[in-house]
Each structure stands twice: as C-alpha cells, then as structure tokens.
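Single-structure report; data block below.
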Amino acid sequence: MGAAKEEFLREFGRDYGYPGGPKTIDEIRATEFKRLGGMAYLDHAGATLYSELQMESIFKDLTANIYGNPHSQSDSSFATSDIVRSARQQVLDYLKASPKDYKCIFSSGATAALKLVGEAFPWSHQSSFVYTMENHNSVLGIREYALEQGAQAYAVNIEEAEHDTFTGNVASVRATKHQILTRNEAKFLDKDHTGSAYNLFAFPSECNFSGSKFSLELVKIVKEDLIRYSDGSPSFKGCWKVLIDAAKGCATDPPDLSKCNADFVVISFYKLFGYPTGLGALIVHTDAAKLLKRTYFSGGTVAASIADINYVKRREGIEELFEDGTIPFLSIASLCHGFKVLNSLTIPAISRHTSSLATYLRDILVALRHPNGTSVCTIYGSRSSKTLCNEMGPVVSFNLRQPDGSWVGHREVEKLASLSGIQLRTGCFCNPGACAKYLGLSHSDLATNIAAGHVCWDDCDIINGKPTGAVRVSLGYMSTYEDIKKFIDFVSTSFVSTRTHASDGSQFCGRSIHFADIGFENRYSASRFHLKSITVYPIKSCAGFSMDRWPLSSGGLLHDREWLLQSLTGETLTQKKILSD
C-alpha cells in the first residue's frame with residue numbers, strides 16, 4: 001500500500017470500503033466487476049454498473065422459472081403478478097413510503113414518468129409550473145404541457161433560507177424568479193375555471209450537474225407557501241403539488257417519504273444498480289394520483305370498452321390506470337436482484353463510501369497548482385445551508401485551466417481520459433439551467449453559442465474563450481480509491497504544467513516530454529536491433545519531423561494519438577471542423 005492511500009485511509013477509513021460489511025470494496029471489485037480490469041469507470045451518474053453476480057442471479061431466476069403475461073389468467077401469469085406486486089413493495093420500501101399513502105407506477109424510465117405527470121396534471125390558465133434552475137431537460141419539458149393549457153412557467157434560484165430564532169426551523173425562503181413564460185393565455189382567459197387551481201413545483205433531490213443536494217424541507221416550504229421572491233412579487237394562489245426528480249440522487253440517498261409528503265417522485269433503475277435499462281417508476285401520493293387525468297387508454301388500463309361506440313370504463317387501481325399495455329415484467333422480475341445488492345451493503349454505507357471518495361477528489365483537485373501558482377481546477381457546486389443545499393452527492397464537476405488562466409476544452413479532457421483508460425462524461429449533462437448558472441453563461445452567450453452551431457454532444461467545448469460545458473466525475477457503490485488515484489494522476493501528468501527554461505527566461509509547458517539520458521539505451525533497445533530514426537506526424541496529412549529517439553509508455557510510443565491543435569480561444573481544432581469552415 002502506497003503512502004498516499006495510507007493517508008487517505010487515515011482520514012476516510014471509517015467510511016471507505018464497507019468496513020464491517022459482507023464484503024470489502026476490494027473483494028467486491030475482484031469478484032463482481034472483473035470485467036473492469038484496469039479501467040476507471042467514473043460515469044455512474046450517466047449509468048452505474050451491474051454486478052456480475054447480480055446478472056448471474058437474474059439469469060438463474062429467468063431460466064428456472066416461467067413468467068407469463070400478467071394480463072392472462074394462467075398459473076405462470078399469476079406468478080408474474082406476484083413478482084410485480086413484490087417489486088412495487090420493494091420500491092416503496094426503498095423510499096420508506098407507506099403503501100397506504102403511495103403507489104408505484106412502472107414506466108420506461110424517469111423521463112417517461114415525468115412525461116406522464118406533465119400530460120395528466122390538471123393544468124389551467126390559473127396554474128403555475130415552477131422549477132429550480134438546476135433541473136434536467138426531462139423536467140423542463142413538463143412546461144410545454146403547462147403552457148399549452150394557458151398556465152405560466154418560470155425558473156427560480158433558491159437564494160437564502162431564513163430560520164426561526166427559537167425553533168431553528170425554516171421560516172421562509174428567499175428566491176429569485178426568472179422570466180415568466182406564457183403561451184395561449186388569451187385563449188383561456190374568457191373560460192371559467194371551477195374549483196382550485198393546481199400548481200406544480202419541481203426540483204431534483206441531487207443536481208446531476210454539480211452534485212448539490214436539495215433539502216427535502218423544500219417540499220414543506222412550497223406547500224406552506226413560504227417562498228418569498230426578491231422582487232417582492234406575490235406567490236400564486238392555489239394548491240401546490242411537489243415533484244422530486246430522484247433519478248440521480250436515488251442511488252446513494254433516496255428521498256425519505258416518511259419524512260416529507262412529496263406528491264411525485266421519479267426514478268430510473270439503471271441509475272441504481274445498472275440493470276435493467278428502460279425501466280423506471282413514478283411514486284405518486286394517492287391524493288395526487290386522483291387529480292391526474294388521462295386521455296389515452298390502452299390494453300391493461302381499461303375494465304371494458306366497446307369498439308364502435310364512445311364507451312370505455314377505466315380501471316380503478318392507480319397502477320393499472322397509468323401503465324399502458326403489458327408492463328416489462330421480465331425486467332421488473334430482475335429488480336429484486338438489484339435491490340439485494342444495495343440492501344446487503346446498506347444505503348448509509350454506500351453513501352459514506354462514495355462521499356469519502358468524492359470529498360477526497362475535490363480536495364485534491366482544489367489544491368492543484370501550476371508552477372506560477374494559478375489554480376488548475378475550477379469546481380462547480382458547494383454546500384450551503386442558506387440555499388437548502390446542505391450536502392454534496394458523489395459528483396465532482398469542474399473545468400481545467402492553463403497557467404495563463406485560459407480554459408482547457410472539456411472534450412479534450414474526455415478524449416485524453418479515454419486514451420488513459422478512464423471513462424467519464426463531459427458537457428452540460430442535459431441540465432442547461434445548472435450549466436448556464438455555474439459557467440456564468442448569459443442568454444447572449446447561449447444565443448451566440450447556438451448561432452455558432454453548438455449543440456449537445458458536439459466538440460465545440462470553448463467558444464469566445466468560455467467553456468460550453470464541464471467535466472464530470474461521478475461515483476458508484478463499486479468505485480475505489482484506485483479509480484480516483486488513476487484520475488488524479490491523469491490530471492496531474494496531462495494538465496498540470498511543468499516549468500521549462502529557454503534563453504529568454506522561464507516558460508510553462510502543459511505536457512513536457514522528458515528524455516532520460518541515463519540508461520535510455522539499456523531500457524529501450526533490443527540486443528539485435530538499432531533504431532536509426534523515427535518520424536513523428538503530429539498532424540494528419542501534414543509533414544512530420546524526424547527524431548533519433550522517443551520515449552515509450554505502456555501503450556506504445558508516448559503521446560501517440562494524443563496530439564491536438566487549439567485555436568487562440570482554446571477551442572480544439574479538427575480537420576473536419578477546419579475544412580467545413
């Protein structure tokens with residue numbers, strides 16, 4: 001064990017590696033994730049990994065049992081129905097949700113669950129859809145349903161929570177309201193609306209961009225109308241319902257629905273334990289479910305229908321009413337094997353393990369300096385009791401800087417990381433509000449970027465000297481210290497400058513190529529062969545230059561296929577981009 005790991009364990013040993021658990025982290029990696037080899041997989045916010053033992057259990061289950069269509073009445077179908085009921089209960093148990101108060105509706109993922117809420121919510125021209133700036137595109141998409149029905153929509157920034165002097169409880173929250181969006185408002189103004197207006201407030205349990213966790217106190221604050229806007233504008237009347245997007249946060253810190261009465265919670269199971277994909281759930285409060293209205297009906301959602309006249313009798317069960325067609329029952333049958341993995345480790349232990357790694361990584365990255373003293377890394381997101389983000393999840397998002405303060409393109413980092421056996425994600429992570437907020441991008445900046453052709457997942461990582469996205473490292477229950485160490489070493493060797501000397505004084509070089517004179521021939525020459533020269537072609541289709549020696553790495557020639565060109569603004573240039581321009 002190296003000195004660095006010993007130091008890490010002295011600080012985090014109580015939380016790291018599941019001490020006292022059924023297996024240590026080293027045993028988990030050796031027996032259940034052999035396929036990783038030396039790869040550092042650091043994109044668990046995108047999709048976590050399934051355990052090999054988990055998949056063996058699923059295969060054994062499916063090959064030993066017969067599961068029929070739950071809409072049939074055979075013994076195999078009854079077996080499936082039992083499995084589905086058990087899976088629903090496991091989901092509720094995971095969120096500590098009482099089956100009397102909540103129901104689990106299976107969907108094709110968190111996005112489909114959000115879409116269901118948007119489609120079926122009782123919008124009116126008196127309604128409001130309010131959401132924090134830090135929200136996934138799949139949440140933002142709900143506003144299209146709200147606006148089409150004459151409701152208004154706007155984003156908010158939670159600025160500061162004010163606490164009661166005596167009790168310490170949150171008395172109110174100050175927030176900044178962004179532009180109010182409206183559409184079709186005039187179309188509905190002359191229509192009478194009977195009954196209460198229903199409003200919807202949406203926030204993530206954990207921001208998938210920064211890792212900031214929103215306090216569940218926000219549910220009570222919204223329902224009790226305790227938000228005070230900095231511009232003095234009043235809150236909107238009506239009944240507030242609250243939606244929590246737990247797709248990211250649920251893997252390490254699921255919302256506790258025994259402590260907060262959220263109306264809607266959405267999750268995706270591949271974020272929890274890797275498999276199955278294409279399956280999620282809407283956990284809905286029974287009172288809120290009664291408000292949802294559906295237009296479409298399908299097999300499985302109706303008790304009776306007549307083909308040639310306008311008659312349909314819908315099912316009364318909440319789950320049956322909203323699950324169109326035959327549910328993916330084989331995928332649902334596999335959920336118990338995933339939950340078994342999480343339950344064996346326990347969520348508190350998983351949370352402590354991943355948090356220890358994330359905290360360690362943040363501390364190291366913040367401390368990195370170029371030789372001239374400038375910071376290498378700018379990290380996004382932080383704890384703040386004032387903004388109801390008291391904790392950080394196992395996500396570290398950042399951008400890297402050159403010694404002169406200019407930015408390193410996030411796509412450059414991603415490509416070089418991939419060459420180094422590190423898998424991570426870069427960009428805005430489908431969270432445009434958080435991206436703009438943390439990167440300081442104005443509406444003018446965003447419009448300029450779009451006009452320049454920038455779209456999601458492209459290579460335009462720096463425009464006009466500003467980054468268009470970030471680098472994200474996200475951790476899972478099977479992540480290890482070695483994964484983090486590999487990434488830290490990668491950043492240190494690839495992006496921390498070294499001081500070189502020239503005739504006109506000292507200079508900084510981002511990645512110096514060191515040629516060791518002593519022992520070079522002994523280490524790299526073979527007994528019967530002699531290298532006369534080697535020609536290096538750093539740029540495709542351009543002239544090369546000859547060298548009499550070149551250092552080696554474990555993958556071949558050092559820096560092979562790692563060359564790149566940058567524009568004066570720091571943008572990575574490619575032949576395709578230059579020729580198209």
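Side chains included, hydrogens not; waters and symmetry mates left out as well; all remaining heavy atoms used.
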Is there a donor-acceptor contact under 3.5 Å from the side chain of [X] to the main chain of [Y]?
X      : Y      : result
His178 : Tyr154 : no
Ser268 : Ala110 : yes
Thr374 : His370 : no
Asn431 : Asn135 : yes
Ser344 : Val341 : yes
Ser494 : Val491 : no
Asp253 : Gly249 : no
Ser474 : His44  : yes
Asp458 : Val455 : yes
Ser418 : Lys415 : no

Rounded to the nearest 0.5 Å, what's the gap from [atom1] on [X] to [atom2] on [Y]? Could you check?
X      : Y      : atom1 : atom2 : value
Trp407 : Glu412 : CH2   : CD    : 14.0 Å
Cys260 : Ile221 : SG    : CD1   : 11.5 Å
Lys259 : Leu216 : NZ    : CG    : 9.0 Å
Thr468 : His410 : OG1   : NE2   : 3.5 Å
Phe129 : Leu140 : CZ    : CG    : 7.0 Å
Thr252 : Ile350 : OG1   : CD1   : 8.5 Å

Counting C-beta onward and ignoring hydrogens, is there a side-chain heavy-atom pair between [X] and [Y] closer than 4.5 Å?
X      : Y      : answer
Ile347 : Pro254 : yes
Ile142 : Leu243 : yes
Leu365 : Ile379 : yes
Asn137 : Pro432 : yes
Val130 : Val222 : no
Lys485 : Phe8   : no
Ile158 : Phe203 : no
Phe214 : Pro204 : yes

Between [Y] and [X], is there a salt bridge with N-O shorter than 4.0 Å?
X      : Y      : answer
Arg29  : Asp483 : yes
Arg228 : Glu162 : no
Arg411 : Glu414 : yes
Glu159 : Arg174 : no

Requested in this report: Kindly state whether the ring of Tyr481 and the ring of Tyr16 have centres lying under 6.0 angstrom apart.
Outcome: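 They do not qualify: ring centres at least 6.0 Å apart.
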In this structure, are over 12 heavy atoms from other groups packed under 6.0 Å from [X] atom [atom1]?
X      : atom1 : answer
Glu7   : CD    : no
Gln179 : CD    : no
Lys486 : NZ    : yes

Residue pair [X] / [Y]: nearest heavy atoms and the distance that separates them:
X      : Y      : result
Val471 : Asn399 : N-OD1, 4.1 Å
Ser375 : Arg401 : O-CB, 3.9 Å
Gly46  : Lys271 : O-NZ, 3.3 Å
Ala470 : Tyr380 : CB-CE1, 3.9 Å
Tyr41  : Asp43  : OH-O, 3.4 Å
Ile462 : Gly409 : CD1-N, 3.5 Å

Query raised in the report: Restricting to pairs with a member in residues 420-442, which pass ring-ring contact (aromatic ring centres under 6.0 Å, His included), not counting sequence neighbours?
Result: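 Output for this query lists Phe209-Phe429, Phe209-Tyr438.
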Query raised in the report: How about Cys456 and Cys428: are their SG atoms under 2.5 Å apart?
Result: no
Report task. Determine which pairs satisfy disulfide (SG to SG under 2.5 Å) with at least one residue from residues 4-45, sequence neighbours left out, and list them in order. Result -> none
Query - Worked verdict on Met478 versus Glu32 for side-chain contact (heavy atoms from CB on, under 4.5 Å) - result: CA-CA 9 Å; Met478 74 297 294; Glu32 302 186 36; over 6 Å; no
Query raised in the report: After noting the C-alpha distance and the side-chain angles of Phe495 and Cys377, does the key distance pass the side-chain contact (heavy atoms from CB on, under 4.5 Å) rule?
Result: CA-CA 10 Å; Phe495 299 103; Cys377 185; over 6 Å; no
**Report entry** Parallel, tilted or perpendicular, as decided by the 30° and 60° cut-offs, for the rings of Phe487 and Phe490
**Finding:**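 Phe490 vs Phe487 ring planes: tilted.
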Report task. Only pairs at least two apart or in different chains count here, so list each salt bridge (Lys or Arg N to Asp or Glu O under 4.0 Å) that has a residue in residues 441-450. Result -> Asp445-Lys466
Requested in this report: Check whether NZ of the Lys or CZ of the Arg Arg35 lies under 6.0 Å from the centre of the six-membered ring of Tyr50 and within 45 degrees of that ring's axis.
Outcome: yes
Report task. Give the C-alpha distance, both sets of side-chain angles, the deciding distance and a yes or no for side-chain contact (heavy atoms from CB on, under 4.5 Å) between Leu475 and Leu361. Result -> CA-CA 11 Å; Leu475 306 166; Leu361 177 58; 5.7 Å; no
Requested in this report: Before giving the answer on side-chain contact (heavy atoms from CB on, under 4.5 Å), spell out for Thr132 and Phe201 the whole-Å C-alpha distance, their side-chain angles and the decisive distance to 0.1 Å.
Outcome: CA-CA 8 Å; Thr132 57; Phe201 188 98; 4.1 Å; yes
